[in-house]
Structures are given as structure tokens and as C-alpha cells.
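Naming: A, B, ... by sequence-line order, numbering from 1 per chain. Values in this document were obtained by computation on a predicted structure and should not be read as measured data.
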There are 2 protein chains.
Amino acid sequence: MRDRPLALTKPAARRTALAVDVVVLSPRSDTLAVLLSRAGGAARERWSLPWDTPRPGEGLEDAAARVATTVLGVTPVFFEQIGALADARRHPGDADVSIGIAALVPSDVHGGTRDAEWFPLDDLPALPPRHRTVVDRAASVVRQRVDQSPLAFRLLPSTFTLSHLQSVYELLLGRRLHKASFRRALQASYLVEPTDEWRGEGRGRPAQLFRYAPRKRRGVRRGVRFDLFMD
Amino acid sequence: MRDRPLALTKPAARRTALAVDVVVLSPRSDTLAVLLSRAGGAARERWSLPWDTPRPGEGLEDAAARVATTVLGVTPVFFEQIGALADARRHPGDADVSIGIAALVPSDVHGGTRDAEWFPLDDLPALPPRHRTVVDRAASVVRQRVDQSPLAFRLLPSTFTLSHLQSVYELLLGRRLHKASFRRALQASYLVEPTDEWRGEGRGRPAQLFRYAPRKRRGVRRGVRFDLFMD
DNA sequence: GACTTTGGTGACGAATTGTTACTAATTCGC
DNA sequence: GCGAATTAGTAACAATTCGTCACCAAAGTC
């Protein structure tokens with residue numbers, strides 16, 4: 001094997017059935033929800049992730065945007081790659097390779113078509129096995145990236161209260177956070193700026209509205225963390 | 001558009017030229033090095049990443065392993081997905097979509113064939129544009145994941161000194177770390193265990209050898225960090 | 001045996017983080 | 001009107017983590 005010439009296959013020789021599977025995520029009624037589309041006649045499961053094959057020359061995020069727009073009626077504002085999957089699990093279109101992409105939709109966007117419905121992330125109907133894996137990986141990627149990528153801000157309207165922001169972080173991380181710590185860390189991060197609007201939700205003191213406005217900040221070079229995820 | 005029926009394309013209708021581009025990484029002479037393979041006759045650049053089209057039914061990491069084994073003569077021990085790329089940049093095999101995979105090779109593995117050579121990551125020859133992007137993304141993914149994934153341990157022999165481990169972390173992060181802090185954090189992480197062997201490198205006191213042996217540890221639930229990367 | 005080099009650790013002050021407790025501004029019930 | 005309830009926002013203290021310095025240990029070199 002070592003001395004076999006490097007006659008790598010010409011790409012024209014093999015072509016692959018490729019799918020972009022889109023995990024459209026949004027906070028709906030206090031849970032993180034996924035948009036599923038109703039499957040057609042012969043399908044084994046009644047629901048699946050929206051997906052399609054990318055068109056020639058189309059970028060992957062563009063394909064994801066197109067797919068999401070079709071089922072949602074609106075174009076999501078942010079996309080994050082989940083990873084590629086080529087295992088033996090069944091895909092609704094028998095794609096050899098799936099590329100999973102998370103599409104984030106702010107909580108105030110009220111899209112949805114007749115053939116698509118929101119389901120809580122932790123209470124999904126039966127899905128084609130490959131899609132089940134894609135969703136699971138999406139959830140885990142999203143959880144791991146909350147503090148490296150502005151995911152939480154993309155799940156909120158353009159202005160929001162700090163309590164709302166905190167509750168989205170809690171949704172994504174799956175645990176409660178302390179108010180004072182959360183705000184102190186946010187303050188230090190220079191990621192939001194206050195607007196001069198306030199919103200009263202009914203009960204309680206009105207909250208100031210903030211917007212996502214990341215600013216340059218001096219390099220925070222912390223030491224190594226050894227935060228290996230072992231589950 | 002909203003009311004267009006969800007006639008998603010049948011996968012058989014469109015097939016894609018897919019490439020798995022492999023970034024084989026290993027510490028070589030105090031830098032992080034990439035294994036490049038010599039390009040054939042008509043290619044514009046003399047070097048490229050090793051790559052191939054996955055075979056039917058073959059997993060992506062399996063394809064990466066096969067490609068890496070071909071150019072290295074040995075099979076890498078660890079793979080990490082970099083992401084999928086479908087931009088307009090030129091690929092040596094004109095693939096529509098590239099899936100980048102990092103393959104990690106310990107520093108004591110002396111593979112390499114006549115048609116492949118190690119290059120320092122920060123001093124690479126001209127590469128096909130798509131491959132240039134894949135390498136850049138690999139570097140950035142690796143840097144971002146050092147403390148979530150046992151990358152550093154896969155770049156070392158099965159037993160190693162803590163100084164070696166630290167120097168790999170420094171290579172990956174691109175900056176110096178403090179010895180005492182590094183060891184304290186490592187201690188707290190329960191990721192390594194000492195062997196009863198010691199190694200003298202010539203000068204200086206011999207160092208104890210450790211092996212990677214992650215153990216369960218009580219949940220360290222830190223608060224949110226807001227470590228957004230903005231560059 | 002003194003000097004150099006690399007390994008390894010204790011300890012202290014600084015910085016960060018978890019927590020408690022308080023003040024502020026609003027609605028609700030009476 | 002007015003106290004209770006509810007949500008927002010913050011100061012301040014305690015606990016923990018982190019960066020750094022200082023030192024000791026064990027080898028080779030001269």
C-alpha cells in the first residue's frame with residue numbers, strides 16, 4: 001500500500017448524492033423548537049427535517065437559506081454548520097452524504113407554512129434515522145458554541161431585555177444562570193449596548209432594551225482550560 | 001414563494017462532485033506541520049492537500065483515513081471535521097463540495113512517502129485556492145478546539161512528559177504558557193495519569209512520563225463566558 | 001564541586017466568579 | 001391610596017481560580 005502510486009480518483013468518475021439538512025431553531029413558548037416539514041406519501045416517518053440538494057454553484061449556506069425560506073416563508077438571519085454525516089442511517093432522500101446546517105430564527109419571527117410545524121427540541125416525533133442524528137448533533141454543537149458564536153443574539157429580536165437574553169442562554173445551556181454573574185460577564189464582554197427604550201411587560205419594573213453591538217476589546221488571553229466534553 | 005409546493009428535488013436528479021480534503025497535522029521539528037502531496041503534471045500548483053472522493057458506503061472519516069494512509073504509509077489515530085466548503089475557489093479535482101478533515105499524527109510516527117512532504121503550517125507553498133482555505137480553517141478550528149477535544153494528546157506518543165504536552169499546547173495556541181498554571185490546570189482536569197517510567201533527555205533532570213487517561217470528574221459548571229472570536 | 005539545564009511544586013497576591021442582599025419601578029388587590 | 005407581589009438592576013462580600021515568583025531536585029558539563 002505504501003508504494004501504490006497516488007492515482008487519486010478523478011472526481012468526474014464518482015458523483016455523490018448530497019443533501020443539505022437544515023435544523024431551523026427558534027425559541028417558541030419557552031423551549032428551543034425545531035421546524036419540521038410534513039413528509040410526502042411513501043415516507044416511513046410523517047416528519048423530517050427540511051432538506052435539499054445544493055444547486056450547481058450554490059454555496060451550502062445559500063442552499064440552507066433557500067430550504068429554510070421555503071418551509072418558513074422568511075429567511076433566517078444566521079447559519080452555523082453542524083458537520084457532515086455519511087453513515088449508513090437512512091436519509092429521506094437516500095442521500096449518501098448529509099451536511100447539517102443550523103438556521104437561527106429570532107423569537108419574534110412568525111413564519112411557518114401549512115406543511116411545517118414547530119416541535120420542542122426535546123420532544124420530537126419519529127424522524128428518519130439520519131435526521132435524528134443531525135438534530136442531536138445540532139443540539140450538541142449549539143450548546144458547545146454558545147460562548148464562541150453569537151448564537152443567542154440571533155435567536156432574539158434586534159432589541160431585547162437582558163432577562164430575555166439570559167433566558168435564551170439558559171435554554172441553550174440547559175441550566176439556570178445567576179443574574180448578577182451573567183450581567184457582570186456580559187458587561188465585561190462589550191457585546192451589547194443599551195438603547196434608550198424601556199419595555200414594561202405588565203408586572204414588575206420595566207426593563208431597558210439592548211442591542212447586539214460587539215466592539216473590539218483587548219485580547220483576553222486566558223490559560224488553557226482542559227474542558228473536555230466526555231459524555 | 002411561500003405557497004410553492006414543497007417539491008424538494010429527488011436526490012437522483014442531481015449528483016455532486018464531492019472531495020474529502022485531508023489536513024494531516026503533526027509536530028515536526030518544533031512547528032506544526034502539514035503533509036502535502038506532490039501534484040501531477042497539468043496541475044497549476046506543485047503541491048496540494050491529499051484528497052479523494054469518498055467511495056460508495058464509505059464514511060467520511062474512513063475516506064480521510066484511507067487518503068491519509070496512502071500518503072503517509074501509516075494510519076492517523078484521530079480525525080476531526082473541519083467543515084464543508086462549497087465556494088467558487090478552485091479545487092484540484094474541480095470538486096463542487098469539499099469536506100475538510102484534520103488527521104492527527106503523533107510526533108513519533110515517521111511516515112511519509114516519496115510523493116509527500118511535511119511543510120510548516122505557517123510557511124506553506126502555493127496551494128490550490130480551495131485547499132488554502134481548508135488549511136486556514138483547519139488551523140483555526142484546531143486552535144479553537146484544543147481545550148474541548150483531546151487534540152494535543154493525539155499529537156504526542158502514547159506516553160509523554162508534561163513539558164512535551166505543554167509545548168504542543170503552545171504550538172497549537174501560538175503562545176507561551178506558564179509552567180505552574182499549566183500543570184495545576186492539568187492536575188485538576190484528571191486527564192493524565194503518571195506511569196512509573198522516567199525519561200532523561202540528556203541535559204537536566206529526567207521527567208516523569210504520563211499517559212492520556214481521562215477520568216470522570218464532577219461536573220464543573222462554570223458560568224457563561226462570552227468569548228466571541230472577532231477577527 | 002560549582003555551574004548549567006530541565007523538572008516539579010509551594011505559596012502569595014490579583015483577578016475572576018458565585019452568592020447574598022439590597023434598592024428601584026412597576027402592577028395587582030383591597 | 002397603599003401594601004404585597006413581581007421583575008429589574010447593582011453593590012459588596014466570600015470563595016475560588018489564576019498568574020507569577022521563588023525555590024528545591026536531579027541530571028549533565030566543565
Ring geometry between F160(B) and F153(B) (parallel below 30°, tilted from 30 to 60°, perpendicular above 60°): tilted
Answer with base, sugar-phosphate or nothing: what part of the nucleic acid does [X] contact at a heavy-atom distance below 4.0 Å?
{"X": "A180(A)", "answer": "base"}
{"X": "S163(A)", "answer": "sugar-phosphate"}
{"X": "G200(B)", "answer": "nothing"}
{"X": "R203(B)", "answer": "sugar-phosphate"}
{"X": "Q208(B)", "answer": "sugar-phosphate"}

Lys/Arg-Asp/Glu bridge criterion (N-O < 4.0 Å) met for R145(B), E80(B): yes
Distance in angstrom units between L186(B) CG and dT9(C) C1', rounded: 14 Å
Gap between atoms CZ and P, on R205(A) and dC28(C) respectively (whole Å): 18 Å
Phosphate OP1/OP2 of dT17(C) contacted by R225(B) side-chain N/O (<4.0 Å): yes
Dot-bracket encoding of pairs in DNA chain D, which uses [ ] for pseudoknotted crossings and | for another strand, Watson-Crick or G-U under 3.5 angstrom: ||||||||||||||||||||||||||||||
Test side-chain contact (heavy atoms from CB on, under 4.5 Å) applied to L104(A) and L25(A), V23(A), L156(A), the passing residue: L25(A)
Contact interval (first through last nucleotide) of DNA chain D with protein chain A, 4.0 Å heavy-atom: dT6(D) to dG19(D)
Candidate nucleotides dA25(C), dT5(C), dG10(C), ranked by approach to the side chain of P206(A) - the nearest: dA25(C)
